[in-house]
Amino acid sequence: MDVLVVGAGPAGLMLAGDLAAQGVAVTVAERRAEGSNLTRAFAVHARTLELLDARGLAEELIGTGKTVGVLRLFAKLQVDLSRLPSRFAYLLVTPQYHTERVLRRRAESAGVEFVYGAELVGLRQDDTGVDAEVRTGDGVQVWRAGWLVGADGVHSTVRRSLRLPFPGRSAVRSVMLADVRVTDPPPDLLTVNAVRDGFAFITPFGDGWYRVIAWDRRHQMPDTAPVSLDEVREITRLALGTDYGMHEARWLSRFHSDERQAPRYRVSRVFLAGDAAHVHSPAAGQGMNTGIQDAANLAWKLAAAVHGWAPAGLLDSYQTERHPVGRHVLRVSGGLLRMAMLKPAIARTARDAIGARLLHLRPIADKAAMTVSGVGIAYPAAADAHRLVGTRAPDTRVDGRDSRAGRLYEALRAGRFVLVCAANRLPPWVAERWGDRVDVVRPADRTGPTMLIRPDAYVAWGSDDTDPTRRDTALSAALTHWCGPAEPATPLGDASAHRTAGDEH
Ligand SMILES: Cc1cc2nc3c(=O)[nH]c(=O)nc-3n(C[C@H](O)[C@H](O)[C@H](O)COP(=O)(O)OP(=O)(O)OC[C@H]3O[C@@H](n4cnc5c(N)ncnc54)[C@H](O)[C@@H]3O)c2cc1C
């Protein structure tokens with residue numbers, strides 16, 4: 001196999017689906033015996049929806065949940081998402097199992113092989129591939145892959161096998177999770193508030209059950225301590241003014257939340273993605289979104305390596321681009337959590353008053369919306385690069401090669417680079433020499449810069465130059481830089497070339 005993905009959570013599913021869609025032979029090893037209905041995440045943010053849109057999956061997922069235009073952080077503090085410069089100017093509230101189901105179905109139809117009941121217990125790598133020790137019902141077997149991605153969650157065995165530290169700290173403990181029925185449903189989709197003695201959050205699953213996340217400062221217990229519905233009811237009443245008539249619980253548990261990040265996301269042929277690479281509190285619903293976006297960033301680069309055209313440094317750019325994003329997310333969610341946990345009345349009053357005032361200022365409100373939604377994420381660019389390089393590509397209207405009108409994110413569904421070329425004559429040599437990696441479209445309004453868009457919908461290169469010779473010379477250099485040589489190179493160190501008769505997986 002070309003790539004072994006360890007873990008079938010949202011990060012692993014997205015990654016495996018993307019790789020398979022690009023013609024890579026992928027196996028997913030998942031420790032669980034079968035798919036789970038466990039739901040942690042509810043919030044799917046705009047940038048994740050955009051990336052799903054670029055795979056033709058957004059509408060299906062949106063159909064499983066409800067949308068809210070305002071993200072409420074505390075009673076008086078809210079972030080208005082309705083002005084986001086996105087087709088998805090809202091937050092989608094849907095249980096994590098719907099996101100996983102959509103991603104899994106897409107991965108299966110792209111040809112991913114799933115092996116459930118398969119636990120990675122160790123790994124070794126050499127110059128040409130990775131030997132993964134996988135425990136199944138038949139004992140421990142060695143599976144050989146060209147590359148391996150650890151999307152195996154916060155307690156990642158892959159991370160431990162690489163001997164990577166996971167520095168950070170415990171952010172909050174004794175947080176209670178409860179799935180309950182209520183007699184007086186809350187009027188809002190997401191209801192959350194923090195008071196002196198704790199906080200509570202409640203949202204519907206959509207099937208009559210409600211998820212409560214609650215924390216009681218006065219009652220700090222180890223994760224193993226049982227949770228009673230009364231305990232959840234009491235802190236909910238305190239934080240939200242009512243317990244909504246909670247009367248039945250199908251699931252009660254207690255967990256602690258850490259803030260940690262691996263220093264490296266890549267060690268040679270092995271990568272980390274999702275919670276295996278970074279973990280933080282659920283505040284503002286960032287974890288799953290960040291993991292899915294890690295996967296979108298890594299998949300096309302790894303596919304390029306498997307197919308033999310990855311330019312030098314492309315795989316390392318996963319670390320350069322995604323590690324700072326992870327660090328930022330830790331900071332944002334950590335900051336929100338600490339604000340929620342403020343104890344002194346004066347500090348809480350200041351938080352609510354100053355926060356509310358700041359979020360009334362449009363530039364600050366818009367920046368907050370760009371941050372929590374992921375729409376504002378941008379990757380490092382060279383000092384002399386076009387101003388758009390590294391930023392997320394906006395979803396403009398375009399005419400495709402066959403002159404059919406559409407949107408850029410529809411053009412990206414092929415999983416290739418897209419050259420948005422406003423000039424009257426599209427450079428035909430692009431289609432000829434990089435045609436296996438680059439599609440060419442024209443912006444419907446024929447204005448704006450010429451842009452090379454990466455498969456993960458970020459701007460790789462841009463130019464406002466109207467001189468065709470200069471522009472095309474620069475474009476040719478950009479294509480070589482991002483897409484490798486015009487002719488595909490022979491794969492280097494591709495483990496499939498070393499496959500032996502025993503390597504069934
Ligand atoms: C209460 C709560 C609420 C949250 N709400 C949100 C939210 O609203 N929005 C959001 O974006 N995020 C939220 N999160 C975070 C989100 O749930 C996680 O970030 C997300 O599930 C991580 O996805 P992942 O694919 O990286 O890892 P996981 O979902 O943890 O998946 C890892 C998979 O790897 C498997 N595995 C582990 N070890 C092995 C092994 N050795 N071999 C094989 N398989 C293995 C596991 O069985 C698992 O299926 C929340 C978290 C909590 C706790």
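Along the sequence shown, residues are numbered consecutively beginning with 1. Computed from a predicted structure; not experimentally measured. Whatever order the structure lists them in is the order used to number ligands and atoms, beginning at 1.
The shortest contact between atom 34 (O) of ligand 1 and any protein heavy atom is with Gly7 CA, 3.2 Å. In terms of protein heavy-atom proximity, atom 27 (O) of ligand 1 is nearest to Gly153 CA, 3.8 Å. In this structure, the protein non-hydrogen atom closest to atom 16 (C) of ligand 1 is Met288 N, 3.7 Å. Taking atom 49 (O) of ligand 1 as the reference point, the nearest protein heavy-atom neighbour is Glu30 OE1, 2.7 Å. Among protein heavy atoms, the minimum distance from atom 2 (C) of ligand 1 is reached at Pro282 CG, 3.6 Å. With hydrogens left out, the protein atom closest to atom 45 (C) of ligand 1 is Arg31 CB, 3.6 Å, a heavy atom. Nearest protein heavy-atom neighbour of atom 13 (C) of ligand 1: Ala41 CB, 3.4 Å. Nearest to atom 25 (O) of ligand 1 among the protein's heavy atoms is Ala11 N, 3.0 Å.
Under a 4.0 Å N-O distance rule, the pair Glu321/Arg454 qualifies as a salt bridge. Checked for salt-bridge contact, Asp179 and Arg250 meet the test: a charged N lies under 4.0 Å from a carboxylate O. Electrostatic pairing of Asp126 and Arg269 does not count as a salt bridge here, judged by no charged N lying under 4.0 Å from a carboxylate O. The pair Arg338-Glu259 meets the salt-bridge criterion, with a side-chain N (NZ, NE, NH1 or NH2) lying under 4.0 Å from an Asp/Glu carboxylate O.
Proximity to Phe42 (heavy-atom distance under 4.0 Å) selects the following atoms of ligand 1: 7 (C), 8 (O). Residue-ligand proximity, Ala29 to ligand 1, at heavy-atom distances under 4.0 Å covers atoms 43 (C), 44 (N). Below 4.0 Å from some heavy atom of Thr157 lie the following atoms of ligand 1, by number and element: 41 (N).
Put simply, part of Ala118 is less than 4.0 Å from ligand 1, judged by heavy atoms. Residue contacts with ligand 1 do not include Gly291, since none of its heavy atoms lies under 4.0 Å from the ligand.
If you look at Ala151 next to ligand 1, the close heavy atoms, those under 4.0 Å, all belong to the backbone. At a heavy-atom distance under 4.0 Å, atoms from both the backbone and the side chain of Asp275 approach ligand 1. At a 4.0 Å heavy-atom cut-off, ligand 1 touches Leu177 through the side chain alone. Here Gln96 has side-chain heavy atoms under 4.0 Å from ligand 1, and that is the only part of it that gets that close. Contacts of Val6 with ligand 1, taken as heavy-atom pairs under 4.0 Å, involve the side chain alone.
No cation-pi contact links Arg47 to Tyr409, judged by a cut-off of 6.0 Å to the six-membered ring centre and 45° from its axis. Taking the centre and axis of the six-membered ring of Phe114, the NZ or CZ atom of Arg104 falls inside the cone set by 45° and 6.0 Å.
Using bins of under 30°, 30° to 60° and over 60° for the plane-to-plane angle, the ring pair His280/His278 lands in the parallel bin.
Across the listed options Thr290, Ile213, Asp152, Asp152 owns the non-hydrogen atom lying nearest to atom 36 (N) of ligand 1. Distances from atom 28 (P) of ligand 1 to the heavy atoms of Arg40, Glu100, Arg32 show the closest one on Arg40. Among Asn289, Leu120, Val279, the residue whose heavy atom lies closest to atom 42 (N) of ligand 1 is Leu120. Nearest to atom 23 (O) of ligand 1 by heavy-atom distance, out of Gly274, Gly9, Ala295, Pro10, is Pro10.
For Gln22 (side chain) and Val24 (main-chain N/O), no donor-acceptor pair under 3.5 Å exists by modelled atom type. With hydrogens and angles ignored, the 3.5 Å screen pairs no side-chain donor or acceptor of Arg264 with any backbone N or O of Gln319. Put simply, the side chain of Glu60 never gets that close to the backbone of Leu57: no donor and acceptor are under 3.5 Å apart. Counting only distance, with no hydrogens or angles, the side chain of Arg159 and the backbone of Val154 share a donor-acceptor pair below 3.5 Å.
Aromatic ring centroids of Tyr318 and Tyr265 lie under 6.0 Å apart.
At under 3.5 Å, a nitrogen or oxygen of Gly287, whether backbone or side chain, sits near a nitrogen or oxygen of ligand 1.
For the residue pair His155 and Asp275, no side-chain donor N or O sits within less than 3.5 Å of a side-chain acceptor on the partner.
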Does the pair Arg106 and Asp18 meet the rule for a side chain to side chain contact (heavy atoms under 4.5 Å, CB included), with working shown? CA-CA 9 Å; Arg106 179 242 186 178; Asp18 274 14; 2.7 Å; yes
